[in-house]
Amino acid sequence: MKRDLSQLTLREMFSDTERLTAELADHLELGFLPKNQQLIRMVRELPEGVEKRRVEDISVRNQAAELLKSDRFTQELFVKLEEYLVAIDQSINDIIDGD
């Protein structure tokens with residue numbers, strides 16, 4: 001079971017924050033952005049003279065659903081990261097204030 005952030009040492013918080021930041025960067029680079037680009041390519045209007053392709057509504061809907069799922073995961077990572085950053089800030093303020 002995960003310990004409460006207030007029970008972690010400052011070092012542990014920094015280590016977890018570094019791990020979350022790397023996970024977020026990897027997710028954005030390898031998951032979210034490629035899904036976004038794929039959806040953009042799928043719905044992009046092609047210039048005149050380029051062979052048109054038929055894109056089914058279900059394909060667009062499925063791709064949009066995947067992008068939304070990826071966005072939810074992105075938001076979850078942001079929330080966790082923000083919680084850690086707030087805890088780090090509080091911990092540092094406690095040290096400065098002598099608590």
Side-chain angles (χ1 to χ4, degrees):
M1 189 167 161
K2 197 101 167 138
R3 291 190 307 179
D4 187 65
L5 289 180
S6 63
Q7 297 176 336
L8 296 176
T9 65
L10 195 54
R11 180 185 184 109
E12 289 171 322
M13 284 189 274
F14 277 119
S15 294
D16 288 351
T17 301
E18 183 178 18
R19 179 190 52 76
L20 277 172
T21 302
E23 184 178 354
L24 178 60
D26 285 347
H27 168 69
L28 289 173
E29 186 177 332
L30 302 174
F32 182 81
L33 292 176
K35 284 179 175 74
N36 185 53
Q37 289 299 320
Q38 187 175 357
L39 182 59
I40 289 170
R41 282 191 303 274
M42 188 179 287
V43 298
R44 180 181 314 162
E45 186 173 335
L46 297 174
E48 207 52 47
V50 174
E51 183 180 342
K52 307 284 186 201
R53 67 202 182 292
R54 181 169 168 80
V55 179
E56 298 294 327
D57 289 346
I58 190 74
S59 298
V60 174
R61 195 168 41 243
N62 288 340
Q63 187 61 36
E66 285 296 315
L67 184 60
L68 289 172
K69 182 179 173 184
S70 184
D71 180 61
R72 280 190 293 277
F73 183 70
T74 303
Q75 294 303 320
E76 290 171 11
L77 287 176
F78 269 117
V79 167
K80 286 180 190 176
L81 188 55
E82 182 178 27
E83 289 171 356
Y84 271 94
L85 294 174
V86 167
I88 289 170
D89 184 52
Q90 182 61 49
S91 182
I92 290 172
N93 284 332
D94 290 347
I95 292 168
I96 291 172
D97 296 339
D99 291 339

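Being a predicted model, the structure only gives us computed values, none of them experimental.
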Flag side-chain contact, heavy atom, 4.5 Å: Leu39 against Lys35: no

Hphob cluster co-occupancy, Ile95 + Phe14, side-chain heavy atoms under 4.5 angstrom: yes

Interatomic distance, Leu81 atom CG to Glu18 atom CD [nearest 0.5 angstrom]: 11.5 Å

Flag side-chain contact, heavy atom, 4.5 Å: Leu28 against Leu24: yes

From Lys80 atom NZ to Glu83 atom CD, the distance as rounded to the nearest 0.5 Å: 9.0 Å

Cluster check Ile58, Val43: I/L/V/M/F/W/Y, side chain < 4.5 angstrom: no

Residues in side chain to side chain donor-acceptor pair (under 3.5 Å) contact with Gln37, at least two apart in sequence or another chain: none

Verify same cluster id: Leu85, Leu10 (apolar side-chain graph, 4.5 Å): yes

Minimum heavy-atom distance Met13-Ala87, with the two atoms named: SD-CB, 3.6 Å

Pairwise side-chain hydrogen bond (donor to acceptor under 3.5 Å, both in side chains) hits with a residue in residues 6-15, at least two apart: Arg3-Glu12, Asp4-Ser6, Thr9-Glu12

Hydrophobic cluster membership, Ile92 vs Val86, 4.5 Å side-chain cutoff: no

Distance in Å, Asp16 CG paired with Thr21 OG1, rounded so as to fall on 0.5 Å steps: 10.5 Å

Check ion pair Glu76-Arg72 (N to O, under 4.0 angstrom): no

Within residues 60-71 or reaching into it, pairs that qualify as side-chain hydrogen bond (donor to acceptor under 3.5 Å, both in side chains) - sequence neighbours excluded: His27-Ser70

Single-linkage hydrophobic cluster Ile40~Phe32, side-chain heavy atoms < 4.5 angstrom: no

